[in-house]
Amino acid sequence: MKSYQQFINGSFVKSHSSEWIEVENPCTGEIISQVPKGDEVDAQEALEAAHKAQTAWAAKPAAERAGYLKRMATLIRANRIHLAKTLASEQAKILPLAQVEIDFTADYFDYYAGWARIYEGEIIQSDRPNENIFLFRKPVGVVAGICPWNFPFFVMARKVAPALLTGCTIVLKPSSLTPVTTFEFAQLVATLDLPKGVLNFVSGAGKTLGNSLVTSPLTDMVTLTGSVEAGQEIIRASAANVTKVSLELGGKAPAIVFEDADLDIAVKGIVDSRVIFSGQVCNCAERAYVHKNIYDKFLDKFVSAMKAVKYGDPFEEPVPDMSSQIDRAQQEKIDAMVVQAKHDGAEVLVGGKKADTPKGYYYEPTVLVNCRQDMEIVKKEIFGPVIPLLPFSEYDEAIALANDCEYGLTSSVFTTNINTVMQALKDLKFGETYVNREHFEGMQGFHAGWRKSGIGGADGKHGLMEYLQSQVAYIQF
Ligand code: NAD
């Protein structure tokens with residue numbers, strides 16, 4: 001079993017805590033690695049290193065900073081198979097999908113490197129003669145990046161790449177469930193001549209080490225990807241120093257299938273979306289509203305497609321469609337929601353229970369009907385391969401049901417009528433909407449949730465801006 005150490009100020013160092021976090025392969029139950037269960041002192045040391053390094057890092061030309069991102073991309077590509085296997089082992093992600101995540105992450109570093117010569121300040125018209133108003137864009141400073149377990153490698157890059165490119169330094173905390181790929185990356189980073197303290201990786205519990213990262217006066221910005229509950233705790237903790245927060249939180253994405261939709265596209269899109277990574281994806285369809293005139297036909301196709309979904313070990317051949325849930329707690333949470341839904345009157349057409357496997361925390365792909373809008377299964381994030389289907393009669397009804405939600409991350413519509421598309425884009429209240437496809441965002445877009453799904457966002461030009469603050473100069477001459 002491999003042990004990792006904190007990566008602080010350019011070196012691997014022992015944690016001040018003597019406790020460890022054991023990382024389990026969810027499919028086999030085997031403990032594959034251990035990482036430090038770091039404490040507040042680890043957090044403080046990492047932040048001090050990041051703080052000390054920040055001014056000199058920001059003083060380098062952006063193109064020079066971008067050079068490091070390109071080299072990170074190259075290192076990831078050179079180790080792509082090892083990294084994908086590590087990712088598949090620590091979180092039960094089927095190997096091809098783990099490979100997509102690793103390759104996409106390399107591209108993501110390259111993508112943000114490309115912004116070095118593109119982002120710019122502004123010259124603003126003045127009301128006074130002989131005056132120039134300049135708006136400079138400056139790095140926010142020291143960033144604390146806090147990651148979830150579902151896309152640990154990609155979300156790490158989603159924080160590290162824009163932070164470093166803009167001249168911020170960063171302390172990154174992976175989830176305690178999936179820290180291994182991040183620490184493998186730290187070992188690659190250690191081979192670069194990156195200035196000490198620019199990029200630090202520390203592991204530990206959210207409520208201790210994580211909380212210290214958020215409450216320290218050395219932290220200028222916290223970027224969290226995680227649950228609404230963690231986001232709320234971080235908002236409260238950030239109040240002490242009025243620290244900037246950027247939060248990407250949970251979702252409850254509706255998929256609306258209109259009467260004129262191409263049913264094969266809709267069925268494939270929603271099934272793929274619901275079972276990818278065993279349903280543990282923030283922006284994937286969590287509930288579907290289907291027009292009553294096509295409901296029965298849709299249901300036949302949908303039930304067959306969900307019944308055909310295969311689950312198994314991520315390394316199995318032929319490759320299954322999905323694998324185990326991340327841990328027993330997640331499996332139990334999904335099951336409790338399905339039990340509650342049945343109690344509330346839902347009917348199970350496919351699945352509806354934990355899978356009967358000797359190892360792992362599998363949950364059967366599940367289709368629920370006879371659901372009502374007020375049920376927990378329709379309102380709360382499931383984060384598993386379970387989908388409630390609800391019929392609707394009128395356009396307005398579908399939109400109202402979709403918008404009736406405390407989350408506002410993503411949504412999707414399936415229709416062949418361009419007017420319906422444009423009207424729905426006007427009426428839906430979500431940060432992202434997919435039309436006739438399911439749920440994957442591009443690195444050049446802007447992934448940002450409304451309502452409880454977050455504050456701020458990631459990717460593209462607007463994601464870069466999160467890491468910049470303005471300074472306006474009034475220059476009389
Ligand atoms: P989580 O909230 O349990 O943990 C996320 C991270 O926050 C972990 O590293 C955890 O240790 C840390 N943390 C928890 N409480 C903290 C605190 N008080 N202070 C500091 N750090 C703290 O989330 P998770 O279970 O790892 O991830 C799943 C959730 O993430 C789902 O709700 C999912 O929808 C969401 N998610 C959202 C996006 C997005 O882009 N919006 C992407 C991926 C996942």
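We count ligands from 1, going down the list as the structure has it; atoms in each ligand are counted the same way.
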Does ligand 1 have any atom sitting under 4.0 Å from a heavy atom of S175? yes
Under 3.5 Å side-chain donor-acceptor pair for Q44 and E40: no
Counting both backbone and side chain atoms, is some N or O of E381 under 3.5 Å from an N or O of ligand 1? yes
Parallel, tilted or perpendicular: which describes the rings of Y108 and F104, with under 30° parallel and over 60° perpendicular? tilted
Taking only Lys NZ, Arg NE, NH1 and NH2, and the carboxylate oxygens of Asp or Glu, determine whether D110 and R77 approach each other closer than 4.0 Å. yes
In the protein, what heavy atom is nearest to atom 10 (C) of ligand 1, and what distance, to one decimal place, separates them? K173 NZ, 3.8 Å
With atoms numbered from 1 as shown, which atoms in ligand 1 lie under 4.0 angstrom from a non-hydrogen atom of L224? 6 (C), 7 (O)
May I ask you to list the atoms of ligand 1 that are less than 4.0 angstrom from any heavy atom of I146? 6 (C), 7 (O), 9 (O), 12 (C), 20 (C), 21 (N)
Just need the protein heavy atom nearest to atom 40 (O) of ligand 1, so name the residue and atom and give the distance. H447 NE2, 2.8 Å
Judged by modelled atom types alone, do H16 and D42 share a side-chain donor-acceptor pair under 3.5 Å? yes
Any idea which heavy atoms bring A285 and I387 closest together, and the distance? O-CD1, 4.0 Å
Counting only heavy atoms closer than 4.0 Å, does ligand 1 sit against the backbone of N283, its side chain, both, or neither? neither
Suppose we measure from atom 19 (N) of ligand 1 to each protein heavy atom; which comes out shortest, and what is that distance? G206 O, 3.3 Å
Can you confirm whether the side chains of E432 and Y434 place a donor and an acceptor under 3.5 Å from each other? yes
Nearest heavy atom to atom 3 (O) of ligand 1: which of A205, G145, S227, A144 does it belong to? S227
Identify the closest protein heavy atom to atom 9 (O) of ligand 1: which residue and atom is it, and at what distance? C147 O, 2.7 Å
Provide, to 0.1 Å, the distance between atom 38 (C) of ligand 1 and the closest protein heavy atom, together with that atom's residue and name. C282 SG, 3.1 Å
Testing the basics here: between V281 and N150, what is the closest heavy-atom pair and its distance to 0.1 Å? CA-ND2, 3.9 Å
Classify the ring geometry of F7 against F12: parallel below 30°, tilted from 30° to 60°, perpendicular beyond 60°. tilted
What about W149: any of its N or O atoms under 3.5 Å from an N or O on ligand 1? yes
Looking at ligand 1, does any of its N/O atoms fall within less than 3.5 Å of an N/O of E248? yes
Would you say the side chains of T225 and K159 form a donor-acceptor pair under 3.5 Å? yes
Return the residue, atom name and 0.1 Å-rounded distance of the protein heavy atom closest to atom 27 (O) of ligand 1. P148 CB, 3.4 Å
Under 4.0 Å from ligand 1, counting heavy atoms only, is it the side chain of V155, its backbone, both or neither? neither
Numbered atoms of ligand 1 (with element) below 4.0 Å of L409, judged on heavy atoms: 41 (N)
Considering residues at least two apart in sequence or located in another chain, which fulfil the salt bridge (Lys or Arg N to Asp or Glu O under 4.0 Å) criterion with E441? R158
Sequence neighbours excluded, the answer for salt bridge (Lys or Arg N to Asp or Glu O under 4.0 Å) partners of D356 is none
Option among E24, Q325, Q330 that satisfies the side chain to side chain donor-acceptor pair (under 3.5 Å) test with Y361: E24
Atom 28 (C) of ligand 1: nearest protein contact (heavy atom, Å): F383 CE2, 3.7 Å
At under 4.0 Å between heavy atoms, what of T225 touches ligand 1? The answer is both
Any idea which of E233, E229, E441 brings a heavy atom closest to atom 15 (N) of ligand 1? E233
Using a 4.0 Å heavy-atom cut-off, which part of N150 comes near ligand 1: side chain, backbone, both, or neither? side chain
Does L249 reach ligand 1 with a nitrogen or oxygen that is under 3.5 Å from one of the ligand's nitrogen or oxygen atoms? yes
List every atom of ligand 1 that sits less than 4.0 Å from any heavy atom of A230, numbering the atoms from 1 in the order shown and giving each element. 2 (O), 14 (C), 15 (N)
What is the closest protein heavy atom to atom 35 (C) of ligand 1, and at what distance does it sit? G226 O, 3.2 Å
For the ring pair W57 and Y68, is the centre-to-centre distance below 6.0 Å? yes
Whether Q6 side chain and S15 backbone form a donor-acceptor pair below 3.5 Å: no
